[in-house]
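Report on the following structure.
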Amino acid sequence: MNTTSYDLAPSVSAAGFLSSFCEIQKMEIFLATAVFVVIHCLRQRKRHGLPSWPLVRMLPSLILGLRGNMYEWISDVLKGQNGTFMFKGPWFTNLNCVVTSDPRNLEYLLKTKFPNFPKGEYFRATVRDLLGDGIFSADDEIWQRQRKTTSLEFHSAKFRRMTTDSLLELVHARLLPVLEDSIEKFECIDLQDILLRLTFDNVCMIAFGVDPGCLRPGMPEIPFAAAFEAATEATIARFVTPTLVWRAMRWMGAGSEGRLREAIKGVNGFAEEVIRERRKEMAAEGAERRRRTDLLTVFMGMKEEDGRRAFSDKLLRDICVNFILAGRDTSSVALSWFFWLLGQNPKVEERILEEVCGIVRERNVEGEEEVVLRPEEVVLRAEEVKKMDYLHAALSEALRLYPSVPVDHKEVLEDDKFPDGTVLKKGTKVVYAIYAMGRMEGIWGSDCREFKPERWLRDRRFMSESAYKFTAFNGGPRLCLGKDFAYYQMKFAAASILLRYRVVVVEGHPVVPKMALTMYMKYGLKVVLEKRDRNQLDKYLSFKAI
């Protein structure tokens, strides 16, 4: 027995060695395969812009991008890919899309082949809970009818007068007193919040014909405003979440989908109450009905395509919510970035002051008695605001660098090809990165990251750029109908503030964009105001008794 045991020992030892050797070989093969896959995936970065991993493909890069400044991340990828790249999501999701910042491609999809690039079912399904069938998300006949009606209304003298009058009242009766109150109390304020309140009140007057009183002393919390902002934030999360995932979350009421559900209740509650009250008003004959010029009243007087039925309450709600999104966030967010940029560029601020004061000074017409005014008493006139070319250029430059809508979305109806050669298959989602366009040297030159209003001026006059190079207001048939009013609103508010105060951003306050449908500052804009020194304005204003 002992002899047999001794005889077997070498064979057992050999078997163990062979087993260990096989395990080592398997490990080496696994490691070699893993290294090969990693190298292969990383090599694709140069060709495709991002590494593409098995199964999950480019998702890890997207997750890393979301942890930082998403818009800068997209800009860096596009810069390395000459303005266009294909993002490939996990094989089991529908996150695939073409991302572009090439002006040639934008002109092609926004104008040349506009019918082949609708918003698409994916976009409509993603934003439907918030925007419904409103002008931002609708296509075809629904969009065309809303667009035509709104265009006619926006260009009417009565509507223009109503919008400018309401803005004048809001700036002088609410905005400036709130700012003055902060000086008297030596308080730091969130200028973004104040500007959002200003534009929210203004657009509610225009869209609903009601005044929510959001901007007033004490800065009351307005449930609808809070719900609206929460809804936009939760909606954008859907675009970076696989559809099956966010739909499952919606069914369970979990996470961002639970917050969206509650926010939508707040949005709907406000809109439904306003529509209900307006129907009561319109049921009664009288002068009050004839005087109203808000968009809700205009659309309430319209009929469906069959000419028999009035617009449903649901469609009226959708129309108004879309206009609030367009009118509230865009101007206020743009002004916030504008004031932040001015703090970093004092020479630009000085030139704006020179222009504003110089235009106001022209009221003292030669041969007439000189006007006696104090800067704090100046109420800017519409014709004066329109003359402010340098201010117009500075606001455009702020929008170039920080567009209120940083990215937008289209879908390919039929197989096509972009001018840069990118092949587009039917159903492909196309994202055009407006934020990234302002940072492309091929579009704006080597100084593209500088805040330089002079790039918009020719012989001291403002000169607009192509809508496919400067896409802050979209382009083609979907060019923003409220563009002219947005500029007027921003110029009037900015000039009225700058004439009276110097806006100083609190030292150390973090200023970064928030991922939402519009480019909010994530932490607001904390500032302190300094009253303009009258001696400082003497060199600009020739008024007596200053």
Side-chain angles (χ1 to χ4, degrees), residues 130-170 199-214 224 228 267-331 382 473-474 477-489:
L130 176 62
L131 301 181
D133 292 318
I135 197 168
F136 267 173
S137 57
D139 283 317
D140 305 323
E141 292 81 7
I142 297 176
W143 168 75
Q144 289 172 4
R145 193 159 188 219
Q146 291 182 49
R147 174 89 182 184
K148 182 179 179 180
T149 302
T150 306
S151 179
L152 290 172
E153 195 63 23
F154 272 27
H155 289 91
S156 71
K158 191 176 182 181
F159 186 82
R160 286 175 178 267
R161 186 168 58 253
M162 185 264 288
T163 54
T164 53
D165 288 349
S166 64
L167 179 62
L168 177 67
E169 172 70 16
L170 284 169
T199 53
F200 181 70
D201 281 355
N202 199 195
V203 76
C204 280
M205 292 176 178
I206 295 168
F208 288 120
V210 298
D211 178 7
C214 196
F224 175 55
F228 189 83
V267 172
N268 291 347
F270 177 82
E272 288 164 4
E273 175 64 22
V274 171
I275 292 168
R276 200 160 39 242
E277 290 300 314
R278 185 59 45 79
R279 287 207 185 278
K280 290 180 182 178
E281 291 177 11
M282 295 184 70
E285 297 293 333
E288 182 63 28
R289 177 179 176 182
R290 292 193 297 271
R291 281 201 300 267
R292 285 198 174 275
T293 57
D294 58 272
L295 289 170
L296 177 58
T297 302
V298 171
F299 279 104
M300 272 187 160
M302 296 179 64
K303 301 289 185 182
E304 295 279 8
E305 290 293 336
D306 57 17
R308 294 192 299 271
R309 295 173 298 157
F311 278 13
S312 67
D313 286 2
K314 171 65 171 61
L315 182 55
L316 292 171
R317 172 265 180 211
D318 295 345
I319 290 169
C320 289
V321 167
N322 276 252
F323 280 106
I324 288 175
L325 177 65
R328 170 189 182 254
D329 292 4
T330 50
S331 296
F473 293 94
N474 223 316
R478 281 190 182 261
L479 179 70
C480 176
L481 289 169
K483 177 181 177 181
D484 290 342
F485 176 68
Y487 267 119
Y488 181 85
Q489 185 185 51

task = With the side chain counted from C-beta on, respond yes when L315 and Q146 share a heavy-atom pair under 4.5 Å apart, and no when they do not.
result = yes
query = Can you name the residues that form a salt bridge (Lys or Arg N to Asp or Glu O under 4.0 Å) with K148, not counting sequence neighbours?
reply = none
request  = Would you mind reporting whether T163 and Y488 have side-chain heavy atoms less than 4.5 Å apart?
outcome  = no
message = Within this structure, what is the SG-CG distance for the pair C204 and L296, rounded to the nearest 0.5 Å?
response = 11.0 Å
inquiry  = Within a 6.0 Å radius of atom CD on E169, are there more than 12 heavy atoms belonging to other residues, nucleotides or ligands?
reply    = no
inquiry  = Can you confirm whether or not the ring centre of F228 sits under 6.0 Å from the ring centre of F200?
reply    = no
CZ-CG distance between F136 and N322, expressed to the nearest 0.5 angstrom = 6.5 Å
Non-hydrogen atoms of F485 and N202 that approach each other most closely = CZ-OD1, 3.5 Å
key: Least distance between heavy atoms, D318 atom then G134 atom   = CB-N, 3.8 Å
message = If you apply the rule side-chain contact (heavy atoms from CB on, under 4.5 Å), what do you find for E277 with V210, and how did you get there?
response = CA-CA 10 Å; E277 290 300 314; V210 298; over 6 Å; no
inquiry  = Taking the side chain as everything from C-beta on, heavy atoms only, tell me whether E272 gets closer than 4.5 Å to D313.
reply    = no
request  = For the residue pair F270 and F224, categorise the inter-ring angle as parallel (less than 30°), tilted (30 to 60°) or perpendicular (more than 60°).
outcome  = parallel
Distance in Å, K158 NZ paired with S156 OG, rounded so as to fall on 0.5 Å steps = 8.5 Å
inquiry  = Which heavy atom of R317 sits nearest to which heavy atom of L131, and what is that distance?
reply    = NH1-C, 4.2 Å
remark   = Heavy-atom closest pair (L481 atom, F154 atom, distance to 0.1 Å) is O-CD2, 3.4 Å
query = Side chains of I319 and L295: closer than 4.5 Å at any heavy-atom pair?
reply = no
message = Rounded to the nearest 0.5 Å, what separates atom CG in L316 from atom CZ in R279?
response = 5.5 Å
note = Here the pair of heavy atoms bringing P212 nearest to D201 is CG-OD1, 3.1 Å
ask   = So, N474 side chain and C480 main chain: donor-acceptor pair closer than 3.5 Å or not?
value = no
ask   = What is the distance from atom OG1 of T164 to atom CD of Q489, rounded to the nearest 0.5 Å?
value = 11.5 Å
inquiry  = Using 0.5 Å steps for rounding, measure from the CZ atom of R278 to the OG1 atom of T297.
reply    = 4.0 Å
query = Do R147 side-chain atoms and P477 backbone N/O form a donor-acceptor pair below 3.5 Å?
reply = yes
